[in-house]
S.K.: 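Quick one: the structure is below, and I'll ask about it shortly.
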Protein chains: 2
Amino acid sequence: MSDAALWTALADPHRRAIVTLLLERPRPVGEIAEHCGLSQPSASKHLKVLREAGLVRVRQDAQRRVHALDPAPIAALDAWLEPYRRLWNSSLDALGRRLDETSDDT
Amino acid sequence: MSDAALWTALADPHRRAIVTLLLERPRPVGEIAEHCGLSQPSASKHLKVLREAGLVRVRQDAQRRVHALDPAPIAALDAWLEPYRRLWNSSLDALGRRLDETSDDT
DNA sequence: CAGTTATATGCCAGTCAAGGAATGCAGACG
DNA sequence: CGTCTGCATTCCTTGACTGGCATATAACTG
């Protein structure tokens with residue numbers, strides 16, 4: 001269960017920003033740092049955490065290290081959310097039903 | 001965007017355990033503490049964080065404070081996951097296609 | 001090989017969250 | 001009103017994480 005590593009990785013706002021940024025396309029470290037307003041060392045460290053959580057993969061291109069998103073671990077989160085999503089949906093349903101019952105004064 | 005509070009709240013394993021526990025049914029603080037192997041003060045603190053993230057609601061019953069799960073904030077997470085889920089699914093699709101192509105040696 | 005670019009790492013100081021023990025507080029109950 | 005129960009809050013200590021800076025490392029360039 002490196003589930004913990006995944007949560008920890010995504011708990012940080014900067015790292016979520018990186019992940020979101022990589023959603024667009026893979027990028028080298030420097031570019032990531034710039035876009036997220038991070039120093040290069042800081043970006044490197046965050047990327048390390050993301051790598052160890054399996055969220056990011058590296059491809060070496062000359063001196064550059066192009067980091068790409070790996071969405072696979074997100075599936076674990078998705079699975080974790082499952083039961084709550086059910087609850088949430090049924091709550092919405094209940095709300096909808098109640099709204100329907102009272103909807104004559106809309 | 002108290003999105004951050006939500007992530008922070010769920011980043012902690014104990015709090016995830018509490019949330020999972022409350023999935024079953026609402027419970028008073030003492031019960032939660034016992035089930036999660038937490039001291040009473042610790043449980044109280046974690047519940048406070050969960051409350052402030054909107055994940056938990058309290059109903060007062062005599063001296064007891066019965067905490068119940070509120071799955072609504074989870075929707076935010078779900079929304080955040082959306083784009084990644086797409087990617088993930090398409091990756092699966094791609095994998096499936098590749099497996100199909102090579103599936104004569106199954 | 002010397003120099004430059006792109007990135008990783010080590011070290012340090014500041015910050016913050018977590019756990020434990022003790023205490024405060026409100027409701028129940030005789 | 002005194003007491004007990006259930007929970008919240010405070011204080012304190014400790015460990016973890018973060019950022020910055022300096023430095024090491026690796027790969028390209030001439």
Side-chain angles (χ1 to χ4, degrees), chain A residues 1-22 24-70 73, chain B residues 1-22 24-70 73:
Chain A
M1 174 176 52
S2 98
D3 213 49
L6 182 57
W7 282 103
T8 303
L10 291 175
D12 183 86
H14 285 146
R15 286 194 288 263
R16 286 200 299 279
I18 293 179
V19 166
T20 301
L21 185 63
L22 292 183
E24 190 181 331
R25 65 156 175 263
R27 294 177 192 265
V29 178
E31 221 175 297
I32 296 173
E34 185 183 358
H35 276 264
C36 296
L38 294 170
S39 70
Q40 174 267 313
S42 188
S44 267
K45 291 173 194 170
H46 282 304
L47 285 169
K48 182 175 186 179
V49 175
L50 291 174
R51 239 178 290 135
E52 290 173 346
L55 281 166
V56 144
R57 294 181 165 275
V58 201
R59 167 176 59 90
Q60 186 136 10
D61 170 51
Q63 311 118 338
R64 275 178 256 168
R65 302 213 160 198
V66 180
H67 288 252
L69 186 61
D70 183 350
Chain B
M1 174 172 54
S2 96
D3 212 49
L6 182 58
W7 281 103
T8 303
L10 291 175
D12 184 87
H14 285 145
R15 286 193 289 262
R16 286 200 299 280
I18 292 178
V19 167
T20 301
L21 184 64
L22 292 183
E24 189 181 333
R25 63 155 176 265
R27 294 174 191 268
V29 178
E31 220 174 299
I32 296 174
E34 185 183 0
H35 276 262
C36 296
L38 294 170
S39 70
Q40 175 267 312
S42 189
S44 267
K45 292 174 196 169
H46 283 304
L47 284 168
K48 182 175 186 179
V49 175
L50 291 173
R51 239 179 289 135
E52 290 174 345
L55 281 164
V56 145
R57 294 181 165 276
V58 201
R59 167 175 61 90
Q60 186 137 9
D61 170 51
Q63 313 118 335
R64 276 179 254 170
R65 303 212 158 201
V66 180
H67 288 252
L69 187 60
D70 182 351

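Since the structure is predicted, the reported quantities are computational estimates derived from the model, not experimental observations. Convention: sequence-line order gives letters A, B, ...; per-chain numbering from 1. Note: hydrogens, waters and symmetry copies are ignored here, and every other heavy atom, side chains too, is used.
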S.K.: Using heavy-atom distances to pick each residue's nearest nucleotide on DNA chain C, tell me which of Arg15(B) and Val58(A) is more 5'.
M.R.: Val58(A)
S.K.: Is it the case that the side chain of Arg15(A) and the backbone of Ala9(A) share a donor-acceptor pair, with hydrogens and angles ignored and the cut-off at 3.5 Å?
M.R.: yes
S.K.: Between P on dA17(C) and NZ on Lys48(B), what's the gap in Å once rounded to a whole number?
M.R.: 12 Å
S.K.: Can you tell me the distance, in whole Å, between the CG atom of Asp12(A) and the C1' atom of dC16(C)?
M.R.: 13 Å
S.K.: Are the side chains of Leu10(A) and Leu55(A) in contact, using a 4.5 Å heavy-atom criterion?
M.R.: yes
S.K.: On a heavy-atom basis, which atom in Ala11(B) and which in Ala11(A) lie closest, and how many Å separate them?
M.R.: CB-CB, 3.6 Å
S.K.: Less than 4.5 Å apart, side chain to side chain, heavy atoms only: is that true for Ser44(A) and Gln40(A)?
M.R.: yes
S.K.: Is the CZ atom of Arg64(A) crowded by more than 12 outside heavy atoms at less than 6.0 Å?
M.R.: no
S.K.: Nearest whole angstrom, please: distance from the P of dG19(C) to the NZ of Lys45(B).
M.R.: 8 Å
S.K.: Reading DNA chain D from 5' onward, which residue's closest nucleotide shows up sooner: Ser44(B) or Gln40(A)?
M.R.: Ser44(B)
S.K.: If you walk 5' to 3' along DNA chain D, what is the first nucleotide with an atom under 4.0 Å of a heavy atom in chain A, and what is the last?
M.R.: dT18(D) to dC28(D)
S.K.: Looking only at non-hydrogen atoms, find the nearest pair between Leu38(A) and Ile18(A) and report the distance.
M.R.: CD1-CD1, 4.3 Å
S.K.: Please say whether more than 12 non-hydrogen atoms of neighbouring residues, nucleotides or ligands are located less than 6.0 Å from CZ in Arg16(B).
M.R.: yes
S.K.: What is the distance from CD1 of Ile32(A) to P of dA6(C), rounded to the nearest Å?
M.R.: 14 Å
S.K.: Whole Å only: how far is the CG atom of Leu38(A) from the P atom of dA8(C)?
M.R.: 13 Å
S.K.: Any side-chain N or O of His14(B) below 4.0 angstrom from OP1/OP2 of dG19(C)?
M.R.: yes
S.K.: Under 4.0 Å, heavy atoms only, any strand: does Pro41(A) hit a base, just the sugar-phosphate, or nothing?
M.R.: base
S.K.: Sub-3.5 Å donor-acceptor pair from the side chain of Arg51(B) to the main-chain atoms of Val56(B), do we have one?
M.R.: no
S.K.: Just the atom pairs and distances: protein N or O near nucleotides 24-30 of chain C's N or O, under 3.5 Å.
M.R.:
unit_1  : atom_1 : unit_2   : atom_2 : d
dG27(C) : N2     : Gln63(B) : NE2    : 3.1
dA28(C) : O4'    : Gln63(B) : NE2    : 3.0

S.K.: Supply the atom-to-atom distance His67(A) NE2 to Ile32(A) CD1, rounded to the nearest 0.5 angstrom.
M.R.: 6.0 Å
